[in-house]
**Student:** 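Handing you a structure now.
Basis for what follows: all heavy atoms, side chains included, without hydrogens, waters or symmetry-related copies. Numbers restart at 1 for each chain; the letters A, B, ... are given by sequence-line order, proteins then strands. Keep in mind that what you see is a predicted model, and the values were worked out from it rather than measured.
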2 protein chains.
Amino acid sequence: MITSRLLDEQLGSRVLLKAEGFQRAGAFKFRGAYNALSSLSPSARSRGVCAVSSGNHAQGVALAASMWNTRAAILMPRDAPAGKRAAAEGYGAEVITFDRYRDDREQLVERLAAERHLELVHPYDDYRVMAGAGTTALELLEDVGELELLIVPVGGGGLIAGSATAAKALAPGLRVIGVEPQASDDVTRSKASGRRERVQVGQTIADGQQLSTPGELTWPIIAALVDEVVTVSDQEIVAAMRLLFERCKLIAEPSGACALAALLGGKVSAPGQRVGVVLSGANVDAARFAALVSER
Amino acid sequence: MITSRLLDEQLGSRVLLKAEGFQRAGAFKFRGAYNALSSLSPSARSRGVCAVSSGNHAQGVALAASMWNTRAAILMPRDAPAGKRAAAEGYGAEVITFDRYRDDREQLVERLAAERHLELVHPYDDYRVMAGAGTTALELLEDVGELELLIVPVGGGGLIAGSATAAKALAPGLRVIGVEPQASDDVTRSKASGRRERVQVGQTIADGQQLSTPGELTWPIIAALVDEVVTVSDQEIVAAMRLLFERCKLIAEPSGACALAALLGGKVSAPGQRVGVVLSGANVDAARFAALVSER
């Protein structure tokens, strides 16, 4: 846990930061992937796993598979950043590319799983993945004790579904708030209407959260256990990234900074409260980080 | 302690990073300042302290004084970055400015100490400050156990004098290597000749290490206990900053990255060894960091 007196003074809350950038492979995603691999039968695990992802899930699955000494096949869009591909291959995964505009990625990965008898590891719509991701909140609560509010980024919903499940079991009175980018406010809208809404995803720097609808399995958990979901702008995210860098000496990728952005931007207020904030990952290359924080 | 398997694979050593950016006030300097304040008699401490610094020492002294509920007067050049001044004032220090080109800073701070009956806290040439700084190596060794090599940045020499004292007492066979920027190679030259050499300091991004000669009190300790001092270029420092950012998710200011730069740049080699690397601080604003890592 990382804390900062200056941050606390500025916000008027006691802020406890869970920095998942220091998690293996640089983001919380490894937790879910590793738990999914660990949950497989030995024979299923020995056949290997597959996933479709151009981001942190790819690296999480690749690393978890290498730790279990089994194969991973990762479908990635042909135009994925070279660094992301190299990272997955560095962990020993086989990377198979597809055309992000012409191919149906869900169909491709299901065919791959069937043809090669691989276990498909979904990035969020999988109870094993949610449970693994939820250890983020579990550890946070074990480390800091009592807490009044927990703020968690929301993309597909695996992190917040798992975290809310752990948090509400341990501390039923704890408020859990999700944060997503304004450009992809599907979960906010779904919470308002009470059913899974689908939105047109706009442009946002928060590339880990560009989803058009909540997960089929994550949504009922979010509906039941998450108290509120709020949105933040890209500008608010950049301000949080800059503050984390300068005050806390922490790196967050844009999606990783959105929970703190909600607090800084006044979207969530918790005067005098102890607030757990999940910084979900730190996989942003130095040049992109530099470009983002240089803009005012 | 922060470790990275990717870093270890790249270097062929087991690298154990001591990230002083997470120290209070963002750099190791707080350790020496706090120890100096703690060593004063109650009556001396209640009169207050003074220092001359535009950098991390100013913040360390200001914070230590505020923790001891006493006053600190800090002399800073008039053109010091506004953020540095605000940080010292934020800790409750009085900032007094001087003209870096026309005024004699040593004379000014001594007069200030005499006139106001303040205890002068030197940034390195003070055994209390060296001893405080040396807790960096003490903690590192306590955390990691056996070590074959310890690499430490060198500016005035307080950090390395204290660290080498602690390290050689605990592990006499441990090699201790200092690193300074090429543009300010006074300690390297002094080690070569066996006496305190004075150099013309050139331009370097490593603003914490722009000193023309080793300290009067730090030098004999460096001469006796430090095995070797090597230099690194600004380019090597930037490469280390970028790698720390991307691989380890750690922020280092230029001086803070120089010990790792020596290892990455092949100035120091330790194949198969366990190597402690002190990252001495992380006080670099986001815009400056962005500008540094964007240049190739």
Side-chain angles (χ1 to χ4, degrees), chain A residues 1-7 9-10 17 19-27 30 56 59 63 66-67 81 83-84 86-87 89-92 238-253 256-257 279-296, chain B residues 1-7 9-10 17 19-27 30 56 59 63 66-67 81 83-84 86-87 89-92 238-253 256-257 279-296:
Chain A
M1 301 304 304
I2 307 271
T3 58
S4 158
R5 293 187 195 209
L6 286 166
L7 186 59
E9 278 168 24
Q10 182 175 336
L17 301 170
E20 284 295 290
F22 295 124
Q23 181 53 257
R24 296 210 56 187
F30 169 72
N56 292 329
Q59 297 180 42
L63 174 58
S66 84
M67 289 170 73
K84 301 267 181 183
E89 287 175 338
Y91 292 126
V238 168
M241 290 171 70
R242 196 180 287 125
L243 183 138
L244 283 167
F245 184 97
E246 293 184 343
R247 292 270 167 93
C248 306
K249 318 302 179 189
L250 288 175
I251 299 158
E253 61 189 86
L279 309 175
S280 54
N283 287 327
V284 51
D285 74 41
R288 178 157 185 252
F289 182 88
L292 287 172
V293 301
S294 301
E295 292 162 13
R296 285 275 172 185
Chain B
M1 300 305 304
I2 307 273
T3 59
S4 158
R5 293 186 195 210
L6 286 167
L7 186 59
E9 278 167 26
Q10 181 174 338
L17 302 169
E20 284 294 289
F22 295 125
Q23 180 53 258
R24 296 210 55 188
F30 169 72
N56 291 330
Q59 296 180 43
L63 173 58
S66 84
M67 289 170 73
K84 301 268 180 184
E89 287 176 337
Y91 291 126
V238 168
M241 290 171 71
R242 197 179 288 126
L243 184 140
L244 283 168
F245 184 97
E246 293 184 345
R247 291 269 166 94
C248 307
K249 319 302 179 189
L250 287 176
I251 299 158
E253 61 189 86
L279 309 174
S280 54
N283 287 326
V284 50
D285 73 40
R288 180 158 182 249
F289 182 87
L292 286 172
V293 301
S294 302
E295 291 160 16
R296 284 275 172 185

**Student:** Enter the distance from A:E246:CD to B:F289:CZ here, rounded to the nearest 0.5 Å.
**Tutor:** 11.5 Å

**Student:** Just verifying a value: how many Å separate B:L250 CG and A:F22 CZ, rounded to the nearest 0.5 Å?
**Tutor:**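 With rounding to 0.5 Å, CG (B:L250) is 5.0 Å from CZ (A:F22).
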
**Student:** Taking all heavy atoms of A:V293 and all of B:A286, pick out the closest pair and write down the distance.
**Tutor:**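 Looking at all heavy atoms of both residues, the shortest contact is CG2-O, 3.9 Å.
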
**Student:** Against chain B, label A:R5 side chain, backbone, both or neither, depending on which of its atoms sit under 4.5 Å from a heavy atom there.
**Tutor:** side chain

**Student:** What's the separation between atom CZ in B:R24 and atom OG in A:S4, rounded to the nearest 0.5 Å?
**Tutor:** 9.5 Å

**Student:** Look at the rings of B:F245 and A:F245 and say which category their plane angle falls in: under 30° parallel, 30 to 60° tilted, over 60° perpendicular.
**Tutor:**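 Tilted.
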
**Student:** Between A:N283 and B:K249, is the side-chain contact (heavy atoms from CB on, under 4.5 Å) condition met? List the steps.
**Tutor:** CA-CA 8 Å; A:N283 287 327; B:K249 319 302 179 189; 2.7 Å; yes

